[in-house]
Structures are given as C-alpha cells and as structure tokens.
Student: 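I have a structure I would like to understand better, so I am pasting it below and will then ask my questions one at a time.
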Amino acid sequence: MKKINKFNILWWIMTGAYLVWMLDFMRWDTYTVANTLLEKPMYSSPAVFYLWIVISAVLFVFYPVFIDKIYFANQLTKAHKIFNIITLVSGCAFVTAYGFLMDPIKYTASMMGLYYPWLFKLWCVFSGISIFTNTLYMYRKNNYENSAGIICASIGCAALFVTVNVPSAGEDLVMTLQCLSHWSTALIFAVLGAAGVVIFLVHKCREKEKKYIIMTAIFVGILALMLVLLVAVGKSALIENLPMWAAYIVLFIVNFTNLMEEKQKV
C-alpha cells in the first residue's frame with residue numbers, strides 16, 4: 001500500500017478549506033458592480049459560480065498529483081521534460097500577454113482582472129501551475145529534497161485562488177477586508193512562489209557553485225528592484241511581472257539547458 005505523504009495531506013486540508021469557504025461564505029453575487037470596479041457581475045448566474053467551484057476544486061486536486069508524478073518520480077523521462085517545457089512556455093506567454101491587455105504601466109494584473117475576470121482566473125491557473133511544476137522538476141532533476149520549498153510553493157499556489165475569487169476593490173478602498181484579502185494572498189503567492197526557487201538556489205550557493213551564486217545574486221537583485229520600484233513608482237503590471245519573468249528565466253536555464261553545469265576539473 002502506497003504511503004500517504006505530508007504534501008497530499010496539506011493539499012487535502014487546503015482543498016477542504018477552500019470548498020468550505022466557497023460554499024458557506026461566498027455567494028455567486030458577493031462581488032458585484034456596486035462594491036467593486038467590475039463593469040459587470042463576476043458570475044452571470046449561480047450555475048456559473050458553482051461550475052467554477054467544481055473546476056477550481058479539480059485544479060486543487062492536480063497539485064498533489066504533480067508532486068507525486070514529478071517530485072517523487074523514480075526517474076525523469078522525456079515526457080516529464082516535454083510536459084514541463086509546455087507548462088513553462090505557456091505560462092510565461094500567457095502571463096506576458098495578459099499583462100499587456102491594458103496599459104501595463106497604468107494598470108496592475110488585479111485591476112485588469114476587474115475588466116477581464118475570467119482571463120484573470122486563467123492567469124492564476126497558468127502562473128501557478130507553470131511555476132509549481134517547474135520548481136518540482138528542478139528539485140527532482142537535481143536530486144534535491146526540501147520539504148520547506150514544496151510546502152512554500154504549495155501554499156503560494158493555493159493562495160492564488162483567494163486572490164482571483166476576491167477581486168480588487170480599487171485604490172480608494174485599501175483598508176477593507178476585501179482588498180486586504182486580495183492583496184495579501186497575491187503577496188503570499190509572490191513571496192512563497194519565489195521562496196521555492198530561492199531555497200534551491202541558496203542550496204547550490206552553499207555548494208560553492210559559482211554560476212549559481214551569480215544567478216542567485218541577479219534573481220534576488222530583481223526581487224529587490226521590484227520592491228524599490230513599487231515604493232518609488234507604484235504598482236503596475238510591468239513591475240509585477242519582473243519577478244515572474246526572472247523566475248521563468250531561472251527555471252528555463254536550470255531545467256532545460258546545460259548553462260549551469262560546472263566544468264569538470266582535469
């Protein structure tokens with residue numbers, strides 16, 4: 001009998017909590033035109049709302065499957081590589097395209113979600129799955145085991161589903177439960193999603209691999225630059241996408257190129 005791992009338990013708990021929240025505390029008309037900047041209600045009917053609950057719950061179920069099939073894979077195959085290249089490229093392409101649906105300097109991803117709520121949900125799906133599966137692949141490819149990294153990535157991806165179900169209330173309604181829920185869960189995804197990557201990079205730095213030390217410095221530098229720009233310039237899709245693009249580049253280089261391999265000493 002196959003042993004149940006702690007990651008499965010974590011995802012079962014998060015899935016159950018998500019379903020209770022959506023079914024008992026949320027309604028199909030909770031966020032309407034009246035209390036957000038939505039041009040029209042997020043859901044056209046209760047049926048659409050419950051359909052989304054089913055779809056999103058199924059997506060929750062996929063995450064522990066990814067862990068089992070990639071992180072705990074006995075051996076990585078060509079199918080693993082192809083699958084992860086597809087998720088990485090499609091995720092990067094969608095996140096980039098979505099960020100330019102409107103003026104990427106004037107609007108944030110969340111603000112665009114008020115005009116394109118279903119595309120914002122797809123942004124959640126593409127960005128979460130692409131970062132998550134490729135983080136798993138990076139760990140497995142390098143035979144690196146770290147529960148903290150997987151747990152961080154898992155919680156970050158789960159938080160995204162709160163972000164897309166609770167729309168932004170706009171700049172004028174910052175100190176409200178709605179806006180704080182939206183922004184805090186988006187921040188949780190950003191921080192914990194990056195943490196899954198950073199934990200691996202720090203591990204490589206401790207092994208004194210020079211290329212990884214340089215990559216880590218650049219990656220952390222980009223994260224710091226984003227924070228500086230957020231304070232100095234303000235929020236925008238362009239600034240928000242900086243760490244996403246950086247993560248995609250790091251994952252692509254580590255997972256699908258030989259650039260990080262150290263030369264064998266003669």
Side-chain angles (χ1 to χ4, degrees), residues 7-8 10-19 21-22 52-71 80 83-99 101 108-110 112-113 116-140 148-168 181-200 223 237 240-252 255:
F7 306 120
N8 282 342
L10 173 63
W11 274 102
W12 293 342
I13 292 172
M14 292 193 297
T15 303
Y18 174 75
L19 287 173
W21 174 60
M22 289 294 286
W52 166 244
I53 292 178
V54 173
I55 293 172
S56 54
V58 170
L59 290 171
F60 264 78
V61 173
F62 272 105
Y63 280 90
V65 174
F66 293 144
I67 294 173
D68 183 61
K69 299 300 182 182
I70 301 175
Y71 184 69
H80 285 100
F83 173 79
N84 281 283
I85 287 178
I86 291 174
T87 60
L88 188 71
V89 172
S90 60
C92 183
F94 190 90
V95 166
T96 301
Y98 177 84
L101 284 174
T108 65
S110 297
M112 292 179 192
Y116 305 98
W118 288 101
L119 287 180
F120 190 43
K121 285 179 169 57
L122 285 177
W123 179 90
C124 159
V125 174
F126 275 94
S127 58
I129 289 178
S130 58
I131 296 294
F132 188 76
T133 57
N134 278 276
T135 299
L136 295 174
Y137 186 78
M138 178 173 64
Y139 280 35
R140 180 63 187 87
I150 305 304
I151 290 172
C152 283
S154 295
I155 295 174
C157 288
L160 265 182
F161 286 87
V162 177
T163 304
V164 298
N165 281 302
V166 180
S168 172
S181 298
H182 176 86
W183 283 358
S184 62
T185 50
L187 184 62
I188 288 171
F189 167 68
V191 172
L192 297 187
V197 177
V198 171
I199 286 172
F200 171 81
L223 297 180
E240 291 173 342
N241 274 349
L242 283 177
M244 292 291 289
W245 288 327
Y248 283 128
I249 292 171
V250 167
L251 290 168
F252 179 79
N255 288 347

Student: State, to 0.1 Å, how close A159 and I188 come at their nearest heavy-atom pair, and which atoms those are.
Tutor: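 Where A159 meets I188 most closely, the heavy atoms are CB-CG2, 3.7 Å.
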
Student: Side chain to side chain contact (heavy atoms under 4.5 Å, CB included) with A186: which residues, sequence neighbours excluded?
Tutor: T163

Student: Once rounded to the nearest 0.5 Å, what's the spacing between atom OG1 of T87 and atom CG of N134?
Tutor: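 The distance works out to 4.0 Å.
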
Student: Measuring from atom CG of N84 to atom OG1 of T135, what distance do you get when rounded to the nearest 0.5 angstrom?
Tutor: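 Answer for the CG-OG1 pair, N84 versus T135, is 9.5 Å.
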
Student: Please report the C-alpha distance between W52 and K121 in whole Å, then the side-chain angles of each, then the deciding distance to 0.1 Å, and finally whether the side-chain contact (heavy atoms from CB on, under 4.5 Å) criterion is met.
Tutor: CA-CA 10 Å; W52 166 244; K121 285 179 169 57; 3.5 Å; yes

Student: What closest approach, in Å, do Y139 and G196 show between heavy atoms, and which atom pair accounts for it?
Tutor: OH-O, 2.6 Å

Student: Please give me the minimum heavy-atom distance between F120 and G113, naming the atom from each residue.
Tutor: CB-CA, 3.7 Å

Student: Work out which heavy atom in S181 is nearest to a heavy atom in V166; give both atom names and the distance.
Tutor: CB-CG1, 4.3 Å

Student: Walk me through it: do F161 and F60 pass the test ring pair (Phe, Tyr, Trp, His ring centres under 6.0 Å)?
Tutor: CA-CA 9 Å; F161 286 87; F60 264 78; 4.7 Å; yes

Student: Rounded at 0.5 Å granularity, tell me how far CZ in F7 sits from CG in D68.
Tutor: 11.5 Å

Student: I'd like a table of donor-acceptor pairs (distance under 3.5 Å, sequence neighbours excluded) in which one partner is a side-chain atom from residues 240-249, with atom names and distances.
Tutor:
| from | atom 1 | to | atom 2 | distance (Å) |
| --- | --- | --- | --- | --- |
| E240 | OE1 | A109 | N | 3.1 |
| W245 | NE1 | T96 | OG1 | 2.9 |
| Y248 | OH | S130 | OG | 2.8 |

Student: How long is the straight-line distance from OG1 of T15 back to CG of L10, given to the nearest 0.5 Å?
Tutor: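 If I round to the nearest 0.5 Å, the distance is 9.0 Å.
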
Student: Is there a side-chain contact (heavy atoms from CB on, under 4.5 Å) between Y98 and S127? Walk through the geometry before answering.
Tutor: CA-CA 11 Å; Y98 177 84; S127 58; over 6 Å; no

Student: Report the C-alpha distance between L88 and N255 in whole Å, list the side-chain angles of each, state the deciding distance to 0.1 Å, and finish with yes or no for side-chain contact (heavy atoms from CB on, under 4.5 Å).
Tutor: CA-CA 10 Å; L88 188 71; N255 288 347; 5.9 Å; no

Student: Identify the two heavy atoms, one from A237 and one from G99, that lie closest to each other, and give their separation to 0.1 Å.
Tutor: CB-O, 3.8 Å

Student: F66 vs I129, test: side-chain contact (heavy atoms from CB on, under 4.5 Å). Steps then yes/no.
Tutor: CA-CA 9 Å; F66 293 144; I129 289 178; 4.1 Å; yes

Student: Quick check: closest heavy atoms across P167 and H182, and the distance to 0.1 Å?
Tutor: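 Between these two residues, the closest heavy atoms are C-ND1, 3.8 Å.
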
Student: Hey, could you give me the CD1/CH2 distance between I53 and W21, rounded to the nearest 0.5 Å?
Tutor: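 Spacing of CD1 (I53) from CH2 (W21) equals 9.5 Å.
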
Student: For residues F132 and I67, determine if any side-chain heavy atom of one lies less than 4.5 Å from a side-chain heavy atom of the other.
Tutor: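 When only atoms from C-beta onward are counted, I67 and F132 do touch, with a gap below 4.5 Å.
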
Student: Nearest 0.5 Å please: distance from the CZ atom of F62 over to the OG1 atom of T133.
Tutor: 12.5 Å

Student: Identify, with sequence neighbours excluded, every residue that meets side chain to side chain donor-acceptor pair (under 3.5 Å) alongside S154.
Tutor: W11

